Amino acid sequence: MEKIIVKGVNQLRGEVNISSAKNSILPIIAATILCPERVVINNAPMLEDVEVICKLLNELNCDVNISSINNKLTIDTKNITSMDPDAQLIRKMRASFLIMGPMISRFGYCKLSLPGGCNIGSRPIDLHLKGFKLLGADIMIGHGFVEVKAKKLIGNTIYLDFPSVGATENIIMASVLAEGTTIIENAAEEPEIWDLAQFLNKMGADIEGAGLGKITIHGVKSLKGISYTPIYDRIEAGTFMIGAAITNGKIKINGVNEEHLRPVIEKLKECGVVFSDYKNNSIIVDGTGEKKPVDIKTLPYPGFPTDMQAQMMSLLSIVDGVSVITETVFENRFMHVAELQRMGANIKIDGRTAIIEGVPKLTGCQVKATDLRAGAAMILSGLIAEGQTEIGDIYHIDRGYVQIEKKFRNLGADIYRIDS
Ligand code: UD1
């Protein structure tokens, strides 16, 4: 079992390069199923989740080539035969369910195990299924599986009760080759949805409004193979911004789209962090100043991202005063609180709200990465905790961060991985 060991306290200094967005590349890989031609994805982040979805495509008999030398992913889906991939792989990662839209679009059939993923709430798929049904598909659920059949998908207007990221993506992918026009209302607006639509439009799809609440998809007959580079990972960049803030450090982050990080940057500014020199996708983050407590409510984009909530809590746990974090996106996303409390944080939970009273210092101890972003929060807290922090269950962290300990080490952190 691998562990990450962090020894505090070192101010971060230097530069870090951000990888491509995990939450972009997963739907983009799923979308390659829509086109029986070769697709090349450049600058692919070599993550556990990317490996899982590639294995899934292998299961379907796709040809997937990963070049770790230049991080190029080449995918050819023309020989897909299986319509019923391995249930274990599907359960490993919720994003596996993103192959459903493209599969029913191209083959009119797919059977998948009900998905898994981070243990941060019930995370149903009702909105995905509502979309497929309105496009004309028949849905059967039983024995832990979802089976979707569609002789033909026909465009429709689909209103999402909640702007679900995955449902928006799955419905976009199901409708690019459907007959007629599909309109998704109350669609998720995350930058990764815009990225998926850019990718599909480059392949020949006709999608308007992605990144806004109303997306219009005019069905096309076919798509063509292309080469594409996904956007930068805003959550990884945000994690390093908090790294600078929590250690009173100053770093340059390369691979930032300031617009995508607006909600995080604005909160960090309110907290006392200074940003400067934003040019050519780089930004300087100066966390050396005094910090003030802030209140945060997680919301769908362009609100404050739930994927930055745990990391922000690490920072606020050592900021003098009282901060309040309200989690509105997932119902069970405070599992890191118990771990932070073990390190000495003073946090109380009341339903979906966490009240954080800043303490002068945290102390290192054995903690667990209870989910992906909670794992990043443990590293951040370890950076300023007195003594040594030993983080277990780091497979969660590897799902979404490329060589995280190496990137922090390059910034001056005392952090390494052990096999125990
Ligand atoms: C995506 C991101 C994840 C991020 C989340 C919210 C990927 C691969 N993952 O996950 O990192 O934390 O967006 O920004 O992009 N819901 C329903 N019914 C549905 C679908 C969702 O009720 O059919 C609910 C979920 O239970 C949850 C909320 O909607 O409470 C948000 O989920 P959703 O936006 O779908 O997140 P994911 O796509 O799973």
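Computed from a predicted structure; not experimentally measured. Both counts, for ligands and for their atoms, begin at 1 and track the order of listing. For the single chain, residues carry numbers from 1 onward in sequence order.
Relative to atom 38 (O) of ligand 1, the option among Gly131, Gly303, Gly166 with the closest non-hydrogen atom is Gly166. Among Pro300, Ala188, Pro124, Pro305, the residue whose heavy atom sits closest to atom 26 (O) of ligand 1 is Pro124.
Between Asp307 and ligand 1, at least one N/O pair is under 3.5 Å apart. In terms of polar-atom proximity, Val329 is counted as a contact of ligand 1, with an N or O under 3.5 Å from an N or O of the ligand. Annotation: Lys22 places no N or O atom under 3.5 Å from an N or O atom of ligand 1; distance criterion only. Considering backbone and side-chain N/O of Thr306, none are found under 3.5 Å from N/O of ligand 1. For ligand 1, the polar-atom distance check finds an N/O of Arg94 within less than 3.5 Å of one of the ligand's N/O atoms.
Assignment of His128 to the shell around ligand 1 is supported, since a heavy atom sits closer than 4.0 Å. Note on ligand 1: Arg333 sits in its first shell, one or more heavy atoms being nearer than 4.0 Å.
In this structure, Lys214 places its NZ atom where only 12 or fewer heavy-atom neighbours from other residues, nucleotides or ligands lie under 6.0 Å away.
Among the candidates Tyr401, Tyr416, Phe240, the single residue satisfying the ring-ring contact (aromatic ring centres under 6.0 Å, His included) test with Phe408 is Phe240.
The pair Glu405-Arg417 meets the salt-bridge criterion, since a charged nitrogen lies less than 4.0 angstrom from a carboxylate oxygen. A salt bridge does not link Asp138 with Lys149: none of the charged nitrogens is closer than 4.0 Å to a carboxylate oxygen.
Here the shortest heavy-atom pairing between Val16 and Ile251 reads CG1-CD1, 4.4 Å.
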**OP:** Determine, stepwise, if the pair Lys22 / Glu236 fulfils salt bridge (charged side-chain N to carboxylate O under 4.0 Å, His left out).
**Re:** CA-CA 9 Å; Lys22 167 182 91 73; Glu236 187 193 15; over 6 Å; no

**OP:** In sequence, state the C-alpha distance, the side-chain angles, and the governing distance for Arg333 and Asp307, and then conclude on salt bridge (charged side-chain N to carboxylate O under 4.0 Å, His left out).
**Re:** CA-CA 10 Å; Arg333 207 170 193 179; Asp307 285 352; 2.8 Å; yes

